Number of protein chains: 2
Amino acid sequence: MTLPSWNNEISSRDRILDAAEALFAKRGYAGVGLREVAEVVGLGKSSLFHHFKNKPQLYAAVCGRILRRIEESLMRTLAAGGSPVERLERWLDDLVNLLADNPSYARVLLRSLFEDDDLAGEMPEEMEVERAIASIMGSAGALLREGMGSGAFRAANVPHMLLSLVGITVFPFASGEFGQEILGKDVFDPAEVQRRKHELREFIRFGLIARSEA
Amino acid sequence: MTLPSWNNEISSRDRILDAAEALFAKRGYAGVGLREVAEVVGLGKSSLFHHFKNKPQLYAAVCGRILRRIEESLMRTLAAGGSPVERLERWLDDLVNLLADNPSYARVLLRSLFEDDDLAGEMPEEMEVERAIASIMGSAGALLREGMGSGAFRAANVPHMLLSLVGITVFPFASGEFGQEILGKDVFDPAEVQRRKHELREFIRFGLIARSEA
DNA sequence: AGTCGCGTCGACCGATCGGTCGGTCCAACG
DNA sequence: CGTTGGACCGACCGATCGGTCGACGCGACT
């Protein structure tokens with residue numbers, strides 16, 4: 001097989017995934033040509049087809065890699081234990097860190113949610129994507145239900161709360177120039193990321209409306 | 001000019017905008033060909049260029065029409081007066097109604113935010129889009145600041161709160177099959193829309209963490 | 001030495017892309 | 001009546017799309 005583990009070089013496959021991830025984030029699935037991906041990587045276009053059988057599978061591989069990393073990170077974080085509130089806040093902090101450290105993630109994630117119909121065929125890569133999504137959302141939903149059962153969380157509709165949490169955490173890091181114009185600073189600026197984490201926690205703790213001391 | 005107001009027919013221009021809006025929502029800017037737009041409308045592709053000089057301008061017109069409608073609706077809603085809390089909740093209710101009644105809106109809106117670089121040239125249509133966005137977000141920001149000043153809202157970072165509100169209101173209606181899978185029902189199902197409005201209001205009122213009676 | 005297979009490549013394919021061009025039809029206007 | 005101008009069309013353009021093909025360089029193994 002000749003796959004020495006003491007090999008510093010990054011495999012062509014990973015370099016293709018890196019380039020495709022950045023491009024898909026910037027211009028979306030249909031907006032990216034394989035020629036451009038190959039050119040960024042420094043390969044001929046034909047070489048891409050040696051590592052991925054076609055464009056949909058490359059796209060699925062990009063999405064799958066992101067979701068797998070998020071899933072792995074969240075599983076590790078959740079396994080650390082603690083009260084539901086602690087775990088939820090750690091969950092969100094962890095997710096924000098991941099999105100902030102990898103500026104492509106939020107956009108690729110949201111964009112992939114918008115591509116309903118396409119990506120036909122039950123390819124293994126495609127199934128992996130759906131499995132990871134189900135795993136992540138399942139864990140989050142279970143955490144919400146546990147916290148509501150124990151009285152730690154306000155009683156709310158779990159599915160709608162899940163949608164709210166995804167929107168509130170993922171969207172800002174996908175908003176690009178829009179977010180930059182609103183914040184006055186880059187969304188990925190470390191100080192702004194820190195503030196985002198704080199504001200997110202406060203929002204979840206207190207909402208927006210001031211507490212009337214009744 | 002021959003533009004009789006007693007004309008029932010919908011102008012070709014509007015029918016083109018309708019078709020393009022639905023297609024852009026489904027497959028994004030790069031994923032839609034002008035041939036397909038023309039075919040849906042029932043015109044020859046050449047005719048599209050009679051109403052819009054090129055593809056970017058058609059896209060800008062689609063986005064501009066949506067933003068103008070949202071802006072108009074929000075202005076009307078905000079002008080009705082009331083306390084900051086009342087105006088904010090009416091603002092969000094109104095926005096949800098608009099997004100729920102026009103399933104293309106949320107997706108076109110979010111997708112357009114993701115297209116940073118493209119759409120070059122300072123065309124009038126392009127400027128209209130940015131003006132409407134600035135107007136909407138400006139009004140919302142002013143409302144937040146007013147409410148915080150009067151103590152009706154918790155003191156929070158206004159720009160981050162704006163991003164949170166956009167994410168929490170717009171994203172669910174753009175989430176498509178993802179949202180459907182989580183909710184178990186169509187996101188645009190009237191009952192689900194009603195529930196969304198309720199959960200949104202509760203989230204903003206109380207956050208998620210239960211109140212400890214301290 | 002031979003050869004096997006992985007990774008890479010350039011040339012090429014049919015299809016489709018956004019956009020142009022010249023022309024037709026027809027109602028409005030003088 | 002003739003003319004004008006808006007709406008529309010088919011044919012066509014060069015460029016690019018995703019994808020295929022056959023070949024070549026080159027380690028690894030026998």
Side-chain angles (χ1 to χ4, degrees), chain A residues 1-21 23-24 26-63 115 117-121 123 125-126, chain B residues 1-21 23-24 26-63 115 117-121 123 125-126:
Chain A
M1 292 295 293
T2 68
L3 253 183
S5 58
W6 30 263
N7 186 354
N8 294 336
E9 309 281 333
I10 305 170
S11 74
S12 286
R13 192 172 195 277
D14 285 337
R15 293 195 298 122
I16 293 173
L17 285 174
D18 290 339
E21 180 182 299
L23 287 171
F24 282 143
K26 207 171 301 183
R27 278 195 287 284
Y29 178 77
V32 173
L34 297 183
R35 283 168 174 81
E36 191 179 2
V37 176
E39 191 184 359
V40 169
V41 178
L43 288 179
K45 183 185 56 121
S46 317
S47 302
L48 300 190
F49 291 91
H50 189 72
H51 301 275
F52 306 92
K53 67 182 276 260
N54 52 26
K55 192 185 181 187
Q57 199 151 98
L58 168 61
Y59 186 67
V62 168
C63 296
E115 319 282 0
D117 41 322
D118 62 0
L119 302 179
M123 314 176 291
E125 282 280 13
E126 172 73 7
Chain B
M1 294 296 294
T2 67
L3 255 183
S5 58
W6 30 265
N7 187 353
N8 294 336
E9 310 281 333
I10 305 170
S11 74
S12 286
R13 191 172 197 277
D14 284 338
R15 293 195 298 121
I16 293 173
L17 285 175
D18 290 340
E21 180 182 297
L23 287 171
F24 283 144
K26 207 172 301 185
R27 279 194 287 283
Y29 178 77
V32 173
L34 296 182
R35 282 167 175 81
E36 190 179 3
V37 176
E39 190 183 0
V40 169
V41 178
L43 289 178
K45 183 184 58 118
S46 319
S47 303
L48 300 191
F49 292 91
H50 190 72
H51 301 274
F52 307 92
K53 66 182 276 261
N54 51 27
K55 193 185 180 186
Q57 200 151 99
L58 169 60
Y59 186 67
V62 168
C63 296
E115 320 280 359
D117 42 321
D118 61 2
L119 302 178
M123 313 176 292
E125 281 281 13
E126 172 72 8

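A quick note: this is a predicted structure, and the numbers were derived from the prediction, not measured. Below, chains carry the letters A, B, ... as their sequence lines are ordered, and counting in each starts from 1.
Following rounding to the nearest Å, Leu48(B) (CG) and dA7(D) (P) show an atom-to-atom distance of 13 Å. Taking atom CZ of Phe52(B) as the reference point, atom P of dT20(C) lies 16 Å away to the nearest angstrom. Atom P of nucleotide dC17(C) and atom OH of Tyr29(B) are separated by 13 Å, given to the nearest angstrom. For the pair His50(B) NE2 and dA7(D) C1', the interatomic distance rounds to 5 Å; values are reported in whole Å. Atom P of nucleotide dT16(D) and atom NZ of Lys55(A) are separated by 15 Å, given to the nearest angstrom. Between Arg35(B) atom CZ and dC17(D) atom C1' there is a gap of 12 Å when expressed in whole angstrom units. Going from atom NZ of Lys45(A) over to atom P of dC13(C) covers 13 Å, rounded to whole Å. One can place CD of Glu36(A) at 8 Å from P of dC17(D), the figure rounded to the nearest angstrom.
As judged by a 4.0 angstrom heavy-atom cut-off over every strand, Val32(A) is placed among residues touching the sugar-phosphate backbone only.
Considering only side-chain N and O atoms, His51(A) lies under 4.0 angstrom from the phosphate OP1 or OP2 of dT8(C). Contact between the side-chain N/O atoms of Ser47(A) and the OP1/OP2 oxygens of dC9(C) is found at a separation under 4.0 Å. Residue Ser12(A) places at least one side-chain N or O under 4.0 Å from the OP1 or OP2 atom of dT8(C).
For the pair Lys55(B) and Tyr29(B), the cation sits on the ring face: its NZ or CZ lies under 6.0 Å from the ring centre, inside 45° of the axis.
None of Asp14(A), Leu17(A), Ile16(A) except one satisfies the side chain to side chain contact (heavy atoms under 4.5 Å, CB included) rule with Val41(A); the exception is Ile16(A). With Leu23(B) as the fixed residue, the side chain to side chain contact (heavy atoms under 4.5 Å, CB included) test singles out one of Val62(B), Val40(B), Leu34(B), Asp18(B): Val40(B).
Salt-bridge annotation for Arg27(A) and Glu115(B): absent, with no side-chain N of the basic residue lying under 4.0 Å from a carboxylate O of the acidic one.
To the nearest 0.5 Å, the span separating CZ on Arg35(B) from NZ on Lys45(B) amounts to 4.0 Å.
Distance from the side chain of Leu43(B) is smallest for dC9(D) among the nucleotides dG19(C), dC9(D), dG19(D). Nearest nucleotide to the side chain of Ser46(A), out of dC9(D), dC9(C), dG18(D): dC9(C).
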